[in-house]
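Take a look at the structure set out below.
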Protein chains: 2
Amino acid sequence: MTQASTLLQQAESQCHIRGVRFTPIRRRVLEMIAENGGGLKAYDLLDKLSTEHAAARPPTVYRALEFLIDQGLVHRIESQNSYVACACPEHAHGFQLLICRHCGYVEELHLDEISAQLAALAKSRGFNVERQTIELQGLCQDCRTASE
Amino acid sequence: MTQASTLLQQAESQCHIRGVRFTPIRRRVLEMIAENGGGLKAYDLLDKLSTEHAAARPPTVYRALEFLIDQGLVHRIESQNSYVACACPEHAHGFQLLICRHCGYVEELHLDEISAQLAALAKSRGFNVERQTIELQGLCQDCRTASE
DNA sequence: CATTGTACTAAAATCCATTTTCATATAGGA
DNA sequence: TCCTATATGAAAATGGATTTTAGTACAATG
């Protein structure tokens, strides 16, 4: 079973539990994002979707993305206006992304310690953290090896 | 002395030391960003600049921004495509931003420990971090107090 | 089976971000 | 003072992100 299909099954059951609709379009958009190693941009998605779904328009994609993000199934990569599948949708808290500048591959981490430290440090300055955006850009193992 | 004028002086001397030109436009753009508590977007800057500098066009702003970012005088806020003045330009390393979702105020932190931890953890997974984007969204002290 | 809320179609506009190109001006070094 | 690199002016195009509006389809619920 591929990782993408596992994610789709998880998504399916989560949506069912929550009583929200995991429609074909939403499923397909998530699938496309999951199959792609790195971030996909809205118009990349629209292009892909258009080939099999002629009615697709920008709102089609943006609605699907909004839904998927609300459900915690997709993350927006702020530093590049793109979207990745959430690696473990059951994990509700903060996450960190490793983004390879060479191959575009994105890995999701859950360094809860760090998240907690950041929240605590902010709190000590009177700031109440509600959301964290942590994106680390650099070179992944493979691209480092390849560039030697 | 206001904080903005201190920053301008620092910027001035740093540019002098580095042998790069701190032109009137660059100075003014930095000043506008510094005077604003939070992030300013490119077109906000263009609007402001236009009122006193009729020739201002998008490239005028983008060139100034590019320069200021290269010189470490301005940071781009990835999560909102906006720009803030760097609070301590002499500090070369990573930074973290606290961004109030209510008033837009932005505070810059330099939690070098956290930066180092993140880099180390990434490294242990074979990933070499070159740049960190850390933005914490939430409520600042004032806005928390006000909303009680 | 009727109602109601949610999702989707359809078309377009808008807004925003950014780049391109080429000409002109100007500051600092030779 | 001249030369050259850098900065700016000027006009426009491009590319991408996102929203708006209004109508239609459809699924779950009672």
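The model shown is predicted, which means the values in this text are computed figures rather than measured ones. Proteins come first, then strands; the chains are lettered A, B, ... in the order of their sequence lines, and each starts at number 1.
For H53(A) and dT9(C), the shortest distance from a side-chain N or O to OP1 or OP2 is below 4.0 Å. Residue T23(B) has no polar side-chain atom (N or O) positioned under 4.0 Å from OP1 or OP2 of dA27(C). For R76(B), a side-chain nitrogen or oxygen approaches OP1 or OP2 of dT18(C) to under 4.0 Å.
Per the geometry, CZ belonging to R18(B) stands 17 Å off P belonging to dT6(D), to the nearest Å. Across the protein-nucleic acid pair, R63(A) atom CZ and dA17(D) atom C1' stand 15 Å apart, rounded to whole Å. In this structure, Y43(A) atom OH and dG15(D) atom P are separated by 12 Å, rounded to whole Å. The separation between R28(B) atom CZ and dA7(D) atom P is 20 Å, rounded to whole Å. Protein atom OH of Y62(B) is 20 Å distant from nucleotide atom P of dA11(D), rounded to whole Å. Remark: P of dA17(D) and CG of L45(A) are 10 Å apart, rounded to the nearest angstrom. R21(B) places its CZ atom 11 Å from the C1' atom of dG29(C), with the value rounded to the nearest Å. Put simply, CG on N81(B) is 15 Å from P on dG16(D), counting in whole angstrom units.
Looking at M32(A), E35(A), R28(A), H53(A) one by one, the single match for side-chain contact (heavy atoms from CB on, under 4.5 Å) with K48(A) turns out to be M32(A). Checked against Q71(A) for a side chain to side chain donor-acceptor pair (under 3.5 Å), the options R18(A), E66(A), R26(A), Q14(A) give a single hit: R18(A).
Of all nucleotides listed (dG9(D), dA11(D), dT18(C)), dA11(D) comes nearest to the side chain of P59(B).
Positionally, the nearest nucleotide of DNA chain C for R26(A) lies more toward the 5' end than for the other of R26(A) and K41(B).
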> Can you check side chain to side chain donor-acceptor pair (under 3.5 Å) on Q137(A) and S79(A), steps first, answer last?
Replying inline: CA-CA 9 Å; Q137(A) 294 87 5; S79(A) 61; 3.2 Å; yes

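At a cut-off of 3.5 Å, with distance as the only test, a side-chain donor of K123(A) or N128(A) sits close to an acceptor on the other residue.
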